[in-house]
Amino acid sequence: MKKLLSLICVALLALVVSVPAFGADKDQYPSKVITIIVPFSAGGPSDTVARLLAQAMSQSLKNQIIVENVGGAGGTIGATRAAQARPDGYTLFVHHIGHATAPSLYRKLPYDPIRDFEPIGLINDGAMTLVAKKDFPARNLKELLAYVKANKAKVNLANAGVGSASHLCGILFMTAIQTELTTIPYKGTGPAMNDLLGGQVDFMCDQTTNTTSHIKAGKIKVYGVTMKKRTASLPDVPTMSEAGLPNFTISVWHALYAPKGTPKPIINKLSKALQEALKDPNLKKRYAELSAEPVAQNRATPEALRGHLKSEIDKWGPIIKKAGVFAD
Ligand code: ASP
């Protein structure tokens, strides 16, 4: 009898424990601080995009949102952490195009960008710029190409690790000029920019969110923007095509995710808050100053992000395969 009673107790306890952890507070969500994991260092482009978004979403959700930087390995360390987080709506994840290229670049990836995440919505599209330290000898892209080819053993190119946007842009650049250069990986282009400003590295390709203010202040040189058209915040900077490398285009998009299994009502609430945030005048003003363009409202949805991520994975796979770059 005693044994039976204790068995019943254990069964009851298991029942209580197996009630979904979020069942109780799903309706009151959010009721505590939300953390957005950014898979790159503080001060870089993804960090900037995420912090401005966190501020605006905090207002629409009337709840505090903080950013945690988990940099390294081109964003895959932060992505792994986000994939393994509790799916209760209190850990979110902002990543860029690198979320779509990692499966082709990494032989062993501890997560699957589609299977292990719930898409919430796209955030923005943005241009990249090819920039160099202030005293780099080349004055324009044509001079840069000649200089780099003649000095390839001593020129180095910074990036934020295999799979980062700066790394992808670097692959496109080296493929376009058929010259292999030494690359220097950082945990994000925030610290890479510090070294570029200090003259410790020669050049890099990075989002306008990180380069615009330094270009305008004359602290770094710029050779081109990676879009089909010039970008509004840097109207005097030519496109890479205008400057001498035709069809050199790459646009960096950011998106918001939650770990797989986050309840649908929470995802819908977050998607609505994202859409609200993208209309926020302060966010719009700051994004515009940095040439980060908030997406249209119908792209800030789980469905649009799901489709976009899949098509970007399919698009980049063959390009990366052709370039023959892999990481373990
Ligand atoms: N812009 C970086 C990259 O190259 C990452 C970052 O620090 O946001 O992907």
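In each ligand, atom 1 is the first atom listed, and ligand 1 is the first ligand listed.
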Engineer: Considering distance alone, does some N or O of Ala165 sit under 3.5 Å from an N or O of ligand 1?
Structural biologist: yes
Engineer: So, His95 versus Phe117, ring centres under 6.0 angstrom or not?
Structural biologist: no
Engineer: Just say parallel, tilted or perpendicular for the rings of Phe93 and Tyr257, cut-offs at 30° and 60°.
Structural biologist: tilted
Engineer: Applying ring pair (Phe, Tyr, Trp, His ring centres under 6.0 Å), run through His308 and Trp253 and close with a yes or a no.
Structural biologist: CA-CA 10 Å; His308 186 72; Trp253 50 273; 4.6 Å; yes
Engineer: A side-chain contact here means heavy atoms from C-beta on lying under 4.5 Å apart; do Phe136 and Leu144 qualify?
Structural biologist: yes
Engineer: Any atoms of ligand 1 less than 4.0 Å from a non-hydrogen atom of His96? List them with their elements.
Structural biologist: 3 (C), 9 (O)
Engineer: Could you tell me whether Lys134 atom NZ has more than 12 heavy atoms of other residues or ligands within 6.0 Å of it?
Structural biologist: no
Engineer: Consider ligand 1: state whether an atom of it lies below 4.0 angstrom from any non-hydrogen atom of Asp206.
Structural biologist: yes
Engineer: Does any N or O atom in Thr189 lie less than 3.5 angstrom from one in ligand 1, N or O only?
Structural biologist: yes
Engineer: Under a 4.0 angstrom heavy-atom cut-off, which atoms of ligand 1 come close to Pro45?
Structural biologist: 1 (N), 6 (C), 7 (O), 8 (O)
Engineer: Within the 4.0 Å heavy-atom shell around Gly188, which atoms of ligand 1 are there?
Structural biologist: 7 (O)
Engineer: Check each atom of ligand 1 against the heavy atoms of Ser164 and keep those under 4.0 Å away; list them by number with element.
Structural biologist: 3 (C), 4 (O), 9 (O)
Engineer: Would you give me the side-chain donor-acceptor pairs under 3.5 Å for residues 174-182, sequence neighbours excluded?
Structural biologist:
unit_1: Thr175; atom_1: OG1; unit_2: Ile171; atom_2: O; d: 2.6
unit_1: Thr179; atom_1: OG1; unit_2: Ile177; atom_2: O; d: 2.9

Engineer: Which residue pairs pass the disulfide (SG to SG under 2.5 Å) test when at least one of the two sits in residues 166-268, sequence neighbours left out?
Structural biologist: Cys169-Cys205
Engineer: Could you tell me whether Ser166 and ligand 1 have an N or O pair separated by under 3.5 Å?
Structural biologist: yes
Engineer: Any idea which part of Gln207 is under 4.0 Å from ligand 1, heavy-atom wise: side chain, backbone, both or neither?
Structural biologist: side chain
